[in-house]
Chemist: 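Mind having a look at this structure? Questions to follow.
Chain identifiers are assigned alphabetically (A, B, ...) following the order of the sequence lines, protein sequences preceding nucleic acid strands; residue numbering begins at 1 within each chain.
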Amino acid sequence: MPLKIKRKNTEKTAPKEKEKDGFFDAVYDIVRQVPRGQVTTYGAVAEATGMRTSARMVGWALSVSSKAKPRVPAHRVVNRIGILTGRRHFATPTLMQELLEQEGVKVQDDTVVDFKKLFWEPPVLQ
DNA sequence: AATTTGACTTACT
DNA sequence: TAGTAAGCCAAAT
């Protein structure tokens with residue numbers, strides 16, 4: 001029987017600041033700006049949107065990015081190390097890698113080769 | 001309604 | 001160096 005790690009969350013979150021709901025659009029907008037053949041990270045996108053929503057929210061936004069009108073190149077977004085963590089959420093587990101390779105991005109072991117070089121930092125929204 | 005999980009990241013031990 | 005804790009916030013169970 002698998003052990004279940006329970007996280008103790010005694011602290012209560014109290015940020016009551018509210019932002020515009022267009023956080024989705026902000027994420028999509030940024031991701032769409034990623035140049036072909038380059039990649040960025042969830043954290044970078046999160047930071048660009050104002051960092052109020054942590055990197056997880058970026059992944060969440062991208063998970064429903066299929067519904068965005070213009071196609072969002074979600075395959076160009078990887079985690080901070082360059083691993084294609086979101087590959088499972090594509091139509092096929094290999095689609096993400098294939099798309100990247102089509103653009104000239106080499107992928108090895110679910111990791112972007114020369115990720116540091118190909119990393120593209122999104123401009124901060126103002 | 002409460003708890004867990006998740007396309008993450010940073011920091012501390 | 002590696003594992004754990006915590007912070008984020010919404011969706012799923």
Chemist: Between C/dA11, B/dT9, B/dA7, which one does the side chain of A/Trp60 approach most closely?
Modeler: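 Closest of the options to the side chain of A/Trp60: C/dA11.
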Chemist: Would you mind reading off the distance between A/His89 atom NE2 and B/dT5 atom C1', rounded to a whole angstrom?
Modeler: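 Computing the A/His89:NE2 to B/dT5:C1' distance gives 11 Å.
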Chemist: What is the nucleic acid contact for A/Thr85, judged by heavy atoms within less than 4.0 Å: base, sugar-phosphate only, or nothing?
Modeler: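 Sugar-phosphate, backbone atoms only, no base.
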Chemist: Whole angstroms only, please: what is the CZ-P distance between A/Arg80 and B/dA7?
Modeler: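 That distance rounds to 18 Å.
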Chemist: Around atom CD of A/Glu121, are there more than 12 heavy atoms from other residues, nucleotides or ligands closer than 6.0 Å?
Modeler: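 Check fails, neighbour count at 12 or below.
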Chemist: Going by side chain to side chain contact (heavy atoms under 4.5 Å, CB included), A/Leu84 matches just one of A/Leu100, A/Thr111, A/Asp109. Which one?
Modeler: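 Exactly one candidate clears the test, A/Leu100.
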Chemist: Side chain of A/Ser65, backbone of A/Ala68: donor and acceptor closer than 3.5 Å?
Modeler: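 Pair absent, no side-chain N/O of A/Ser65 close to backbone of A/Ala68.
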Chemist: Rounded to the nearest angstrom, tell me the gap between atom CG in A/Leu95 and atom C1' in B/dA7.
Modeler: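 The distance from CG of A/Leu95 to C1' of B/dA7 comes to 14 Å, rounded to the nearest Å.
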Chemist: How close or far is atom C1' of C/dG7 from atom OH of A/Tyr42, stated in whole angstroms?
Modeler: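 The distance from OH of A/Tyr42 to C1' of C/dG7 comes to 19 Å, rounded to the nearest Å.
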Chemist: Can you tell me how far P of B/dA7 sits from CZ of A/Phe90, to the nearest Å?
Modeler: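 Between P of B/dA7 and CZ of A/Phe90: 12 Å.
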Chemist: Among A/Glu103, A/Gln97, A/Arg87, which one satisfies side-chain hydrogen bond (donor to acceptor under 3.5 Å, both in side chains) with A/His75?
Modeler: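 Exactly one candidate clears the test, A/Glu103.
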Chemist: C1' atom, B/dA7 versus C/dT4: distance in rounded Å?
Modeler: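 These two C1' atoms come out 22 Å apart once rounded.
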Chemist: Over all strands shown, is A/Ala74 touching base, sugar-phosphate only, or nothing at heavy-atom distances under 4.0 angstrom?
Modeler: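 Base, at least one base heavy atom under 4.0 Å.
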Chemist: Which nucleotide wins on minimum distance to the side chain of A/Ser54, given the candidates C/dG7, B/dA7, B/dT9?
Modeler: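 The nucleotide sitting nearest to the side chain is C/dG7.
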Chemist: Whole-Å distance between B/dA7 P and A/Tyr28 OH?
Modeler: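 That distance rounds to 15 Å.
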Chemist: Over how many whole Å does the gap from A/Ile81 atom CD1 to B/dT10 atom P extend?
Modeler: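 Answer to the nearest Å: 10 Å.
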Chemist: In whole angstroms, how far is the P atom of C/dC9 from the CE atom of A/Met57?
Modeler: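 Those two atoms, CE and P, are 8 Å apart.
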